[in-house]
Number of protein chains: 2
Amino acid sequence: MVVSISALATLADPLASGVSGNDTVYLWIAIAAGVLALAAALLFARSVLASDQGTPEMQHIASAIREGAQAFMGRQYKTIAIMAVVLAGVLYAGYLAYPLTAPLASKVVISFLVGAACSGFSGYTGMFVSIRANLRTAAAARTSLSKALTLALHGGAVTGLIVVGLALLGISLLFLLFGGTGTHPEAVPYQLVGFGFGASLVALFAQLGGGIYTKAADVGADLVGKVEAGIPEDDPRNPAVIADLVGDNVGDCAGRGADLFESSAAESVGAMILGAALYPVFGIKGILFPLIVHAINIVSSIIGVSSVRSKETDDPMHSLNRGFYITSFLALVGFAAGVHFLLQDRWWLLGAGVVGIITSFLFVSITEYYTETRYRPVQSIAEACKTGPATNIITGLAVGMETPALPVVVISGALLLSYYFGVRGLEDATGIADYAKGIYGTAIATMGMLSSAAYILAMDTFGPITDNAGGIAEMSNQPHEVRDRTDRLDAAGNTTKALTKGYAIGSASLAAFLLFSAYLETIHNIVKHRVEAAGFTLPLDWTFSNVNLASIPVFVGALLGAMLTYLFSSMAISAVGRAAEKVIEDVRAQFKENPGIMNGTSRPDYARCVNIVTGAALKEMVLPGALAVLMPVVIGVLFRHLSTRFHLKSSTDLPIAFGNIVNLSGAEAVAAFLMVGTISGILLAMLMNNGGGAWDNAKKLIETGHFGGKGSDAHKAAVVGDTVGDPFKDTAGPSLHVLIKLLATVTLVLAPLFV
Amino acid sequence: MVVSISALATLADPLASGVSGNDTVYLWIAIAAGVLALAAALLFARSVLASDQGTPEMQHIASAIREGAQAFMGRQYKTIAIMAVVLAGVLYAGYLAYPLTAPLASKVVISFLVGAACSGFSGYTGMFVSIRANLRTAAAARTSLSKALTLALHGGAVTGLIVVGLALLGISLLFLLFGGTGTHPEAVPYQLVGFGFGASLVALFAQLGGGIYTKAADVGADLVGKVEAGIPEDDPRNPAVIADLVGDNVGDCAGRGADLFESSAAESVGAMILGAALYPVFGIKGILFPLIVHAINIVSSIIGVSSVRSKETDDPMHSLNRGFYITSFLALVGFAAGVHFLLQDRWWLLGAGVVGIITSFLFVSITEYYTETRYRPVQSIAEACKTGPATNIITGLAVGMETPALPVVVISGALLLSYYFGVRGLEDATGIADYAKGIYGTAIATMGMLSSAAYILAMDTFGPITDNAGGIAEMSNQPHEVRDRTDRLDAAGNTTKALTKGYAIGSASLAAFLLFSAYLETIHNIVKHRVEAAGFTLPLDWTFSNVNLASIPVFVGALLGAMLTYLFSSMAISAVGRAAEKVIEDVRAQFKENPGIMNGTSRPDYARCVNIVTGAALKEMVLPGALAVLMPVVIGVLFRHLSTRFHLKSSTDLPIAFGNIVNLSGAEAVAAFLMVGTISGILLAMLMNNGGGAWDNAKKLIETGHFGGKGSDAHKAAVVGDTVGDPFKDTAGPSLHVLIKLLATVTLVLAPLFV
């Protein structure tokens, strides 16, 4: 029996607990760091906005992109806001329905709405800056690579800092508001779960909508533009070209921003819940540690970003990596300080943090190995293009299916090690189960992985900014050396985008276990609460920390969880197909209606195309999103009721005395649904991200002259692979990251309804 | 806590137990049915072999196919035999290593070798007949469709009857040999697990090797023949054409034969183990019931096969389906009789059997929906071909990812219902846990699904026979009406092949839970045995029937299980690619060396091509096969040792008193590995089988004149999809079915080494 975390915690030495005044200082430090992040973001934004805006021609194009992006974001967030409000209502009603959850209703709904609002705001403001930074970067590229590079990175840093800053600020303030400085801070984290849920709800729709938008526009523009009309990429004659450039922003930038916002939010809350279980050991400090890690993250990222310089001849990637190393090093130092001040110098726990940092490095390197042209996988795909598209696809899929192997081994190692370090680090803590100690170790590893999130996010947003800058330079026919600079930045941007995907999925995998444990811990507390409210006392050794794969509801839940990830991916991919169809029709129509477009005498109607893809993407994002939100609810509630009907005794049902108050089949089925859905989702996402990235770069490899070079049959075959990979790596894959975390947070929030 | 099956069984009324003489009669009935199956197979074989062999030209081609197939099978089975013997040695040593398992060593190894031998023999003899039936079918097609149809089906029936007959005979005789008629028949089923393992080991390599062979030859022949040289399919000038026809036999026929042999074997043994747990209720009858079901299966399939007739104008599929309905109806009647005579008229249990039969129908219909040209999925794929190969692939993958949804819902429903029926059916059985009753219900559902296996298998083998007949007719330039007949049979054969894949994966999914429960039950008995041997008594309420997803070893095991299915598929697919490369090189070489081939003056060297692909396929099958066998062993043993080192307390470790004798982390990690690996494998297999089938038929739909018809760009795009789908549906997908069952049997056999 895994002994329950809090069951044993209650045995522990009471002297350790309680909040001594000078401990709350760490909460204020966290809040200060949040404010600092926003201030720094503001400064970066101003310096970006203040710089040269280039030629009127450039500005004209940039404004078209800006308008398109803002139009989409506006309509998208309106749709999301409506859904969020509806859900808030349902949530409120659901909580009110049960006497025991009723008192929590308002707190959960408030934190849900705050989380949703913060997530939306950070996505929007991040966008606001990057759709302006793109123009400035292009303009700067006319004079110097270094200037353009720093501009793009500072533009990205705005997103990074706002995202992490708002997550930190939101959680800290809610913690304060809900009485975190009172006598029972250990009860507060459970009330914050709504924040993570709000964040991931917005994230899911932002990523789905953005992902569908960007690929529908991209595929549409390519198929008619390149293939039918035979005009090059980013050619101003292509009516879908602006929509394509808009897509880079709303997909990569806003989408990944929301993704990492909710990672920071959900994983912090999860870690705080596990910290609460160690309350007897660390007091409030154990709960606040995750927030302090993000404070460290902010400071070291600001320094890291500011430190990036580049020479005209440098490979931009080198400068960006240098900044990343500086950030990681500072984060490590800060982490050590955190362990010293908050975790009683338990250096084994620093070890767990280091495991997390190393894991993120390994994930990034594995992603590099599978997606970069200089390694075997991409080369074998390019090679396969010689025998046509079929062999290209087969090889690409084989590579994609191979990609999860190493990361899974890394994650397994990371979990085992950080668990071990957790146990060692807390060896002398009396009355705490090894399990609780180990799990806290894995939580700290996750924190370690997130300790450079802001910088990673800056690198990620660097991608769409430089991509856009390249497009603007291309469309405004800049001289060769300017385009050469933007091309080099763009290439670096493609790499950073691929790497951050590896980072995102890595943090998702590591966090999965953390959030799962938080869910079990929450269920345990609910049951305790229920049983005591009914006038019984829960046997100390009873626990809901086992989910029995051998019971039917659990197996069925697991089956359905894995199935959801496939169905969801299928929906996301076919959504892109349908939306792209609409783009294709419009582009064809525009060519037909207005022959002046092709011979360059008149401009195509960019806005019309943007509107069409906007409408299509928003329509398409609803169904898969709804599926993801509703399925866990249905399963939990269904099995809660089925179980008695079908004689499905739950493996953890309580002694008969409690039989009539607690029925755990629903909670168990959901746990398995969550866990196996997460595992399946992680693997599918890796397959799609890395497979897609590999196809993309195999095409690039051929375009640089290998295996026949541009225009050869091999190249045609490679284009097919690239097109197949697009919805993989930019729609379904990233949406799966968010889906995984959404499942974790939705189950956390709805847990009371499953019991 | 799920109360352990046998723990509670021991509480039950002793009067029920013990073997009364007239109960063993059912064992003799089973043995008689096995003999009957072999006799019937012999008669079918003779009637097939006795019929007309057509023109010398036809015979010439047929003999080339025959030689190729026999050469491959010979070399393949030599390789497999070596591996089997080595493994038998390892197994023997492993069992001898522990004093408590040592007594079982010889029994396990014997049943392992018998299982392997039976599996091999049934695969080989089935092949032996079908590579002769193909010629006779082609010959018969010159005079009548009906004659050709029945010949092909009777040829297939030989495989079906030998497979099921040998499985039944092997298990029954071992049961007898190991003292099944003695005083403790309930102990015997545990000693039969080796039989299932031997069967699945051979099945895995047969399916992998055959699957790689058939697609390497197919893809190779198409890419050079159709694409480069521009000669039609099955053109005698193509040096790979014979290898291609050989592939249909060694892949579909031998491969699927081995697959269903081990389904029948593994699932019968699993059901017998669960039957043993109900020994107090049914006595030996509960153990023998699965064998009686197969006896019923044999009789009703013989009648069903013999009943198939067809008119010249009929759609062959109608005649085949009629036979299937007859078989299913007879099976149902027999099942009812079985419930009457063996299961004390507990009609709820008949309900569970009906659930199984209905499940198999639903799986077949869902497969039809996703793979047949008259439904939405295939049509959408064909439609997508109009915009080129990329959209074709994207749509196909989206469809493939959609396919698991419905089957998963069906399986979930089937599990819940049959579990419920099991509980209801045994309501009055005192002292048996609901869990044990429910699980037996799911076991009976699985039996119900397998109750027409022999007929299904006959339909399946019908496929390669008619496919070959078509090839022979084509290559020997038969007149139009003959080819028209073979084409219609071939079309029916493609359908039956697709349907049986759906059937195979369905039975695998339903059986997964059964085998998993058998594994848990086995572990429980081992622990009981160990503890008692050490002079303790196991607390009655202790059980190893929960596998705690919240413990690190379990989570890591689950992660690795899912990962294996991806890595295995990746290996299988790239193996096809590499082997196909070799074929392509040889075909090109032959065209170059001997220009006479193309202008038809001289014959290509078919044998050379056959040898090359044979060598390649055998080489390629070893690595993925070894991975599948070794990984569970490594995980089980590794975690058994890691657990103490890493403070990984297992959730089911025994009270401290036993702590030093039993450590269950290994067994738990393997359980999760098995379970989640199975879930992931089922979904991946569905994606690949149905996706591949859909691409194939989308091409056929276009070839019948839709969306531009043959030779159009849409058709070229469709060919790409078809080629991508080939290794999906004929190599990786079917191999995954076998992998799933291999994991189940290998863990059953090695269970003692994990504790």
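Convention: sequence-line order gives letters A, B, ...; per-chain numbering from 1. Bear in mind that the values here come from a model prediction, so they are computed numbers and not experimental data.
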Return the option, out of B:Ile393, B:Thr723, B:Thr387, with the maximum number of heavy-atom pairs under 4.5 Å with chain A.
B:Ile393
Considering only heavy atoms, which portion of B:Pro389 lies under 4.5 Å from any heavy atom of chain A: side chain, backbone, both, or neither?
both
Would a 4.5 Å heavy-atom cut-off, applied to side chains only, mark B:Leu417 and B:Phe421 as touching?
yes
Side chain, backbone, both or neither: which part of B:Leu687 has a non-hydrogen atom closer than 4.5 Å to chain A?
side chain
Using a 4.5 Å cut-off on heavy atoms from C-beta on, say whether the side chain of B:Phe513 contacts that of A:Ile552.
yes
Answer with side chain, backbone, both or neither: which region of A:Thr403 has an atom nearer than 4.5 Å to a non-hydrogen atom of chain B?
neither
Chain A shares the most heavy-atom pairs under 4.5 Å, among B:Leu567, B:Thr391, B:Thr678, with B:Leu567
Taking every heavy-atom pair that is under 4.5 Å apart, which of A:Val719, A:Asp726, A:Leu683, A:Ile584 has the most such pairs with chain B?
A:Leu683
Under 4.5 Å heavy-atom distance to chain A, tell me which part of B:Phe568 shows up: side chain, backbone, both or neither.
neither
Does any non-hydrogen side-chain atom of B:Trp695 lie less than 4.5 Å from one of B:Asn392?
yes
Pair A:Ile573, B:Ile394 - check side chain to side chain contact (heavy atoms under 4.5 Å, CB included), show working.
CA-CA 7 Å; A:Ile573 291 171; B:Ile394 291 176; 3.4 Å; yes
So which pairs with a foot in residues 553-565 of chain B pass side-chain hydrogen bond (donor to acceptor under 3.5 Å, both in side chains), sequence neighbours left out?
B:Thr565-B:Ser680
Less than 4.5 Å apart, any side-chain heavy atom of A:Asp713 and any of A:Lys716?
yes
Donor-acceptor pair, A:Asn690 side chain versus A:Tyr370 backbone, under 3.5 Å?
no
Tell me which of these, A:Ala405, A:Ser570, A:Ser569, has more heavy-atom pairs under 4.5 Å with chain B than the rest.
A:Ser570
Under 4.5 Å to a heavy atom of chain B? For A:Leu684 that would be both
The interface call for B:Thr395 against chain A, heavy-atom contacts under 4.5 Å, is neither
